[in-house]
Each structure stands twice: as structure tokens, then as C-alpha cells.
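In what follows, a structure is listed as C-alpha cells, so that the remarks can point back to it.
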Amino acid sequence: MSAFKGFLREDGSVGVRNHILVLSTVVCANVVAERIARRVRGAVAFCHTNGCGQIGEDLSQTIRTLTGMGRNPNVFGTLIVSLGCEGVAARDILNALARNRNNVELVTIQECGGTSSAIREGERILRGWQKEWKNQRRVPCQLKDLTVGLECGGSDTTSGIAANPVMGYVSDRVVSMGGKVILSETTEMIGAEHLLAARAVNGVLAQKLLEFVKKTEDSAKAMKVDLRGTQPTPGNIKGGLTTIEEKSLGCLAKAGHSRIVEVVGYAEPPTNNGLVIMDTPGYDVESVTGMLAGGAQIILFSTGRGTPVGSPIAPVIKITGNPKTAERMRENIDLDVSGLALGRQSIEEIGDELLALFRKTASGRKTASERLGHTEASITRIGPSV
Amino acid sequence: MEQGYILINKVDNVVTLLRDFEKDEKINVLELGIEFTLLDDVEFGHKVAIKVIRAGDKVIKYGEAIGSSTKEILPGEHVHVQNTVSDRGRGDL
């Protein structure tokens, strides 16, 4: 029996969506990328403020993220839109993507002769892909074909009590069926890292994980203020979360009870099946972007306060354990799991409900953020602009 | 859990409230046989001490330390940023 139906790509990966990605390499190309995407069915732009004035690992990380977005199995084809003089080498991204994928092209604004001609050229290329794009059909797939990203944003105390444990239930199921699950947000491991390290399959991994957490805590401390100025956020605090340790211990529940088989850097694709840790900031939109660039086709996202954010290329399933938020922000929420916190439903009952929604979503059912057109994305920085 | 609170781990010294409570309401933590009266109005999702937490003691939730108290906290008192600090990420110290 198949778990869901997805799109089989030429590199053997499986998409749960069939997007044409218009990938801006630099802020200067954002408007052109957006306008091209607006003109063609199935196209979506990925815009950001990075791409120039970056050096070293900060620049490499941006390039790795952009390449990873193009490689994501939810992407049918990628049109790279470059200005022509930016720090990011657009042609290197083109070449990297073209190694395993057929529909990859580059439009350079300076070579096209400006805004209008670059838009026309981009539109012409995408129109040429339309026939093949429309002919893509979903085929039966298994949970082992999936990489699931776990995220929480706008957390409150119900996240740790209800929504995250329910996500943990689905996460364990995906892992047991041979899929990959990514837990990210290193900031939100501070105070809970000892519990995660104890779940690593070997000491080297445990050490790597503890180093990521220490590096994140040290960089926060270097600002000479109490982390509580932003973690927990003012909204988290209003929702009852008192310290980063409390938030972290609640966050951990997203990852269920599986062993940790790999630890990867921001936007790095995991190579092992099972539960993987990715080093990302606690800033949810940056964290989701990192996991998508690492190959996640679908995001499970818990929220207590309520947040509308989505993604340009993947379904984001919003789960809340807060009954007031489920009511007040109904249109942004996919599943209300407050019955678990209130003791009215068991974890198995509500976990199976999320699993069913998860499979339907993987097969094409639109999430709240997709219906509402949310395409937020952001690439994290690790150095100042120069 | 219809009694309106959740005790996540038996070693915890706080419970999390699952409805808005008013001062002077009684809470009976059945799992531990502890009964107390609320000393503050406390909102849904916020924490209340179920034991005396002395100044500098760890506040325990999920069976783990979530920070330290800055003053003595009595059973029934709201446990939050006004009496509990984080022990981590303290660039200010």
C-alpha cells in the first residue's frame, strides 16, 4: 500500500508539490524574479536579501541554500535570475543543479539589457516548460521517500504540552518507516541539549551537537545581554514560557523518541535515514528555509500564539494545542490538537489524525498557508555585510 | 485533566494551568496529594508553584531545571519572569 502520491523526479527523488521555482540570486534580482513568476502558471519566486557583500562561510552558506532550494524534490524546474555582478556565482548554481535535473536555466539581467527584457526572457523560458510541467502525474510513494522538517513558531506553553508531542508521534512513525526527519533550531536546544546528546547513536555525533549548541549560546552571550530579551520572545512570555530552558524542553517533544543518526549544518542535506539534527537559528522562517534547502518536502509546524507563515515550495502544516488560537486564528490553522492538553483525546487518537492529514497533504491537499498564499522565506546570515 | 492543570513530571515543583484561574481558587494536585489556594490570578498556560521554592532554587518542569527562582515562591504563586530567571544565555552577567 502506498502512503501517498507524489511526483517522481529525474534524480529519483519524490516531490509532494510540482513548483516551477524562480530563484533570485541577489536582492537586486528580486523584483524581476517576482514579476516573471507572476506571469506563468505554477511558478513561484524565491526572494531574499542575501547574495552580495558576503564573504567566506557566510557566502558559501547562501550559495548552498540557493542550490538546495533548486534541488528540492518539490521543484519541477528552476529559473535562476541573476543581476550579473553579484557575489553569488549564479553560473555555479546553474551547473550544480543541471548535474541531476533537466529543467534549469539562467537569466542575467545585465546581459538581457534590463528589467523588461529580462522579464520577457524569463517568461519565454518558463512558457517552454509548461507542456512538460502540466504532464507531471502523481505516482504511489512511501513514507521512506520523505524528508520532514519539524518547526515551531509563536510558541506558548501548549506547544510543549500538546502540539509538539503530537508532531513527535508522526515524526517517530516517519522514522520507523525509513524516512528522514529534521529537528532544527539550535537556540531552542539550549537547556535540553543533554537529553538530545543522550539520544545520539555515537559519541562523535553527541559531541558535534553539544558544540553547535555551545556556539549558539556563546554568540548570544557575546551581545552582553540576557538572551531573554528575545528568547523566549515577548509573545512566548505572554503565552506562559518563562525561560529558554522551558521553551527548549517543550521544543524537544517535536522529535519524538527516535535515536539521532546524523547532525548537519544549515541547508546541508542529510545522508542517513532517521532523525537528523540541523544547526539553524531559532528564527522560524530562517530555520524552515534551511530545512527545505536540505531537502525537506513537507514541514510540520506547531504554534501556540498562531502564525500565518508558509513557504514558497513546500506545504507547511500548522498545528496548535491552544484552543483560543484554534478559534481566533482558525483560517491559519490546519489541526487543533488542544484535546490532548485538555485530556479529552489520547496521543494515539490525535497523532493518527495528524498522520492522516499529513498523508493527504503529501498527496496534494492544500494547507492553510498555501490557500492563503503565504510564501515567506529567509536565509540566515553568519557574518556582517561587507 | 478536567481539574484544569497539568503536572508533567512527578518531580516538578510547578503545574501548568489549562484554564484561566482567579485568586483564592483551590487546586488539588491529585497525583501528589497536594492542595493549595491560588495567591494570584493566573492565565491559561501559565505556571503555579505547588511546593515552596526557596530563593535560588531550581524551578522544575518536564522533570528538568527550567531556571532559578529569584525569591521565595509559595505554593499557589504564579511562577514567571517576575520571580524566575534563566540560567542560560546570560550575556548580561
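The sequence lines fix the lettering, A, B, ..., with proteins before strands; numbering per chain opens at 1.
- With sequence neighbours excluded, no residue satisfies side chain to side chain donor-acceptor pair (under 3.5 Å) with A:S248.
- Using a 4.5 Å cut-off between heavy atoms, B:V79 touches chain A through its backbone atoms (N, CA, C, O) alone.
- Using a 4.5 Å cut-off on side-chain heavy atoms (C-beta onward), B:D92 and A:K224 make no contact.
- Once rounded to the nearest 0.5 Å, the distance linking CD of A:E246 with CD1 of B:I66 reads 4.0 Å.
- One finds the CZ atom of B:F44 at 6.5 Å from the CG atom of A:D156 (value rounded to the nearest 0.5 Å).
- In this structure, A:H257 places its NE2 atom where only 12 or fewer heavy-atom neighbours from other residues, nucleotides or ligands lie under 6.0 Å away.
- Annotation: maximal heavy-atom pairing with chain A below 4.5 Å, among B:R88, B:H46, B:K61, B:E64, occurs at B:R88.
- Residues of residues 158-169 of chain A lying within less than 4.5 angstrom of chain B, judged on heavy atoms, are A:T158, A:G160, A:I161 in numerical order.
- For a residue to count as touching a neighbouring chain, one of its non-hydrogen atoms must lie under 4.5 Å from one of that chain's; by this rule B:T16 touches chain A with the side chain only.
- Residues of residues 323-332 of chain A that come within less than 4.5 angstrom of chain B, heavy atom to heavy atom, are A:P323, A:K324 in numerical order.
- A 6.0 Å sphere centred on CD of A:E348 holds more than 12 heavy atoms belonging to other residues, nucleotides or ligands.
- The pair A:K238-B:E43 fails the salt-bridge criterion, with no side-chain N (NZ, NE, NH1 or NH2) lying under 4.0 Å from an Asp/Glu carboxylate O.
- Heavy atoms only, all atoms of each residue included: A:K221 and B:R90 are closest at CG-N, 3.8 Å.
- Rounding to the nearest 0.5 Å places CD1 of A:I190 at 12.5 Å from CG of B:D87.
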Would you give me the side-chain donor-acceptor pairs under 3.5 Å for residues 197-209 of chain A, sequence neighbours excluded?
from, atom 1, to, atom 2, distance (Å)
A:R199, NE, A:S258, O, 3.0
A:R199, NH1, A:G256, O, 3.2
A:R199, NH2, A:A255, O, 3.1
A:R199, NH2, A:G256, O, 3.1
A:R199, NH2, A:S258, O, 2.9
A:N202, OD1, A:V204, N, 3.1
A:N202, OD1, A:L205, N, 2.8
A:K208, NZ, A:V263, O, 2.9

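- Counting heavy atoms of neighbouring residues, nucleotides and ligands inside a 6.0 Å radius, atom OH of A:Y283 does not exceed 12 of them.
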